[in-house]
Amino acid sequence: MKIKNLHRWDVTPKEAIEIQRNLQKRILLKNFSKDIHLVAGADAAFSTLDKLCFANVKPKSTLSKTKKIICQGAKKENLVHGAVCVFSFPDMELVEEKTATLPLKFPYIPGLLSFREGTVLLKCFEKIKNAPDVILFDGQGIMHPRKMGIAAHLGILLNKPAIGCAKSYLYGEFNLPANFKGAFEYVRDKNGELIGACLRTRKDVKPIFVSTGHKISLSKAIDIVLACTKRYRLPEPLRYAHRLAEITKQRYEKDY
DNA sequence: GCGACAG
DNA sequence: ATCTTGTCGC
């Protein structure tokens, strides 16, 4: 897939916020999704590995020489593993999957998630050949203090319809939805503006937060999320991407 | 200043 | 996210 190169990624948190303010103007809330045949899911996993290194061992007597040995634990290597999968819609059968791993260069700061996970996910999308009609992200869309959650951010760079599908709360005001599958309550910002929905994807399970990322309406986003959700809380493409990222991480830890 | 805070 | 044992329920 093609990716727009609109900004740098090696930035400070302050610069990241400035980039968000800039990109925010490009968000399209109108529906651009025609017939949907392919739905993608994108997620990331993280790992901290003990980096092998050399260390000096001090001699007990002045007669023996200082020795160098291999040891562990002196340095940590932080990695981020990305996974993107493409499913047929509405059949929910796997069509393609790609992964990537990169050194982790940005801290976790609520509101700046895309600068932590975005780079590796884009690297996955670069490899994807079956361009999806819509993408599900494990995080917020415009349900975000600057309307620039990871789904909005990457949706713009990929120029694709994108949906934010977060497992927990970040921003906005809402009431809890009723306890049945498909029940939802709108989420609004401080000005009363509609920014997303708190959606119950299963009975007796904590609801998720769905919001537009890019090029899609909220009602269409809700429809798609529900259509992709079978037996579990999260839509299938996201569950699969999550598992794939976890497997990629475990391979790295084993080969280490 | 205090509380909230995607993954 | 990650660290971790048991436990409730289909």
Side-chain angles (χ1 to χ4, degrees), chain A residues 9 13 16-17 19-20 23-24 27 41-50 73 76-84 99-122 124 135-156 162-174 179 181 187-190 195-199 201-214 218 221 225 230-235 237-250 252-253 256:
Chain A
W9 288 96
I17 289 174
I19 289 171
Q20 289 185 327
L23 289 176
Q24 194 270 319
I27 297 175
D43 194 15
F46 304 86
S47 60
T48 304
L49 301 176
D50 286 329
K76 298 289 188 182
E77 175 150 77
N78 296 305
L79 300 175
V80 55
H81 312 274
V84 169
T99 66
T101 294
L102 288 176
L104 186 53
K105 293 183 176 177
F106 201 88
Y108 171 67
I109 300 171
L112 298 179
L113 182 65
S114 57
F115 288 87
R116 184 171 170 83
E117 299 188 354
T119 50
V120 77
L121 293 183
L122 288 179
C124 296
I135 307 168
L136 302 176
F137 287 93
D138 68 315
Q140 310 289 357
I142 63 169
M143 197 189 288
H144 175 284
R146 289 172 294 279
K147 293 181 165 58
M148 274 301 293
I150 189 166
H153 192 157
L154 298 192
I156 289 168
I163 299 171
C165 205
K167 299 184 292 298
S168 61
Y169 173 87
L170 173 66
Y171 178 79
E173 300 170 357
F174 67 103
N179 187 20
K181 177 173 180 173
V187 180
R188 300 172 187 282
D189 68 10
K190 295 169 185 174
I195 55 175
C198 182
L199 173 67
T201 53
R202 273 199 69 183
K203 188 177 184 297
D204 295 325
V205 163
K206 199 209 311 187
I208 65 174
F209 296 85
V210 175
S211 59
T212 296
H214 188 53
L218 177 58
V225 168
K230 277 291 187 182
R231 189 185 166 188
Y232 301 93
R233 180 162 87 118
L234 295 179
L238 279 183
R239 293 187 64 241
Y240 192 89
H242 188 277
R243 219 186 326 153
L244 184 55
E246 200 62 36
I247 290 170
T248 305
K249 165 189 164 181
Q250 287 174 10
Y252 263 79
E253 295 182 343
Y256 204 70

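Chain letters run A, B, ... following the sequence lines, proteins first, then strands; residues in each count from 1.
- When the options A:H144, A:R146, A:K147 are evaluated for a side-chain contact (heavy atoms from CB on, under 4.5 Å) with A:Q24, the one that passes is A:K147.
- Put simply, chain A comes within 4.0 Å of DNA chain C, heavy atom to any atom, from C:dA1 to C:dT2, going 5' to 3'.
- The shortest non-hydrogen separation linking A:F106 to A:R116 is O-NH1, 2.7 Å.
- Ring geometry for A:H153 against A:W9 counts as parallel: the plane angle stays under 30°, on a 0 to 90° scale with 60° as the upper cut.
- For A:K249 and A:E246, the salt-bridge test passes: some basic side-chain N is under 4.0 Å from an acidic carboxylate O.
- Summarising the geometry, atom OG1 belonging to A:T101 is positioned 5.0 Å from atom NE2 belonging to A:H81; distances are rounded to the nearest 0.5 Å.
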Report summary line: Per-nt protein contacts along nucleotides 2-7 of chain B (heavy atom under 4.0 Å; B base, S backbone sugar-phosphate only, - none) come out as ---BBB

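- To the nearest 0.5 angstrom, A:I142 atom CD1 is 11.0 Å from A:M148 atom CE.
- For the residue pair A:A44 and A:E117, the shortest heavy atom distance occurs at CB-CD, 3.9 Å.
- Looking at heavy-atom distances under 4.0 Å, A:H242 makes contact with sugar-phosphate atoms alone, never a base.
- Applying side-chain contact (heavy atoms from CB on, under 4.5 Å) to A:C124 and the options A:V84, A:D43, A:T248 leaves one that passes, A:V84.
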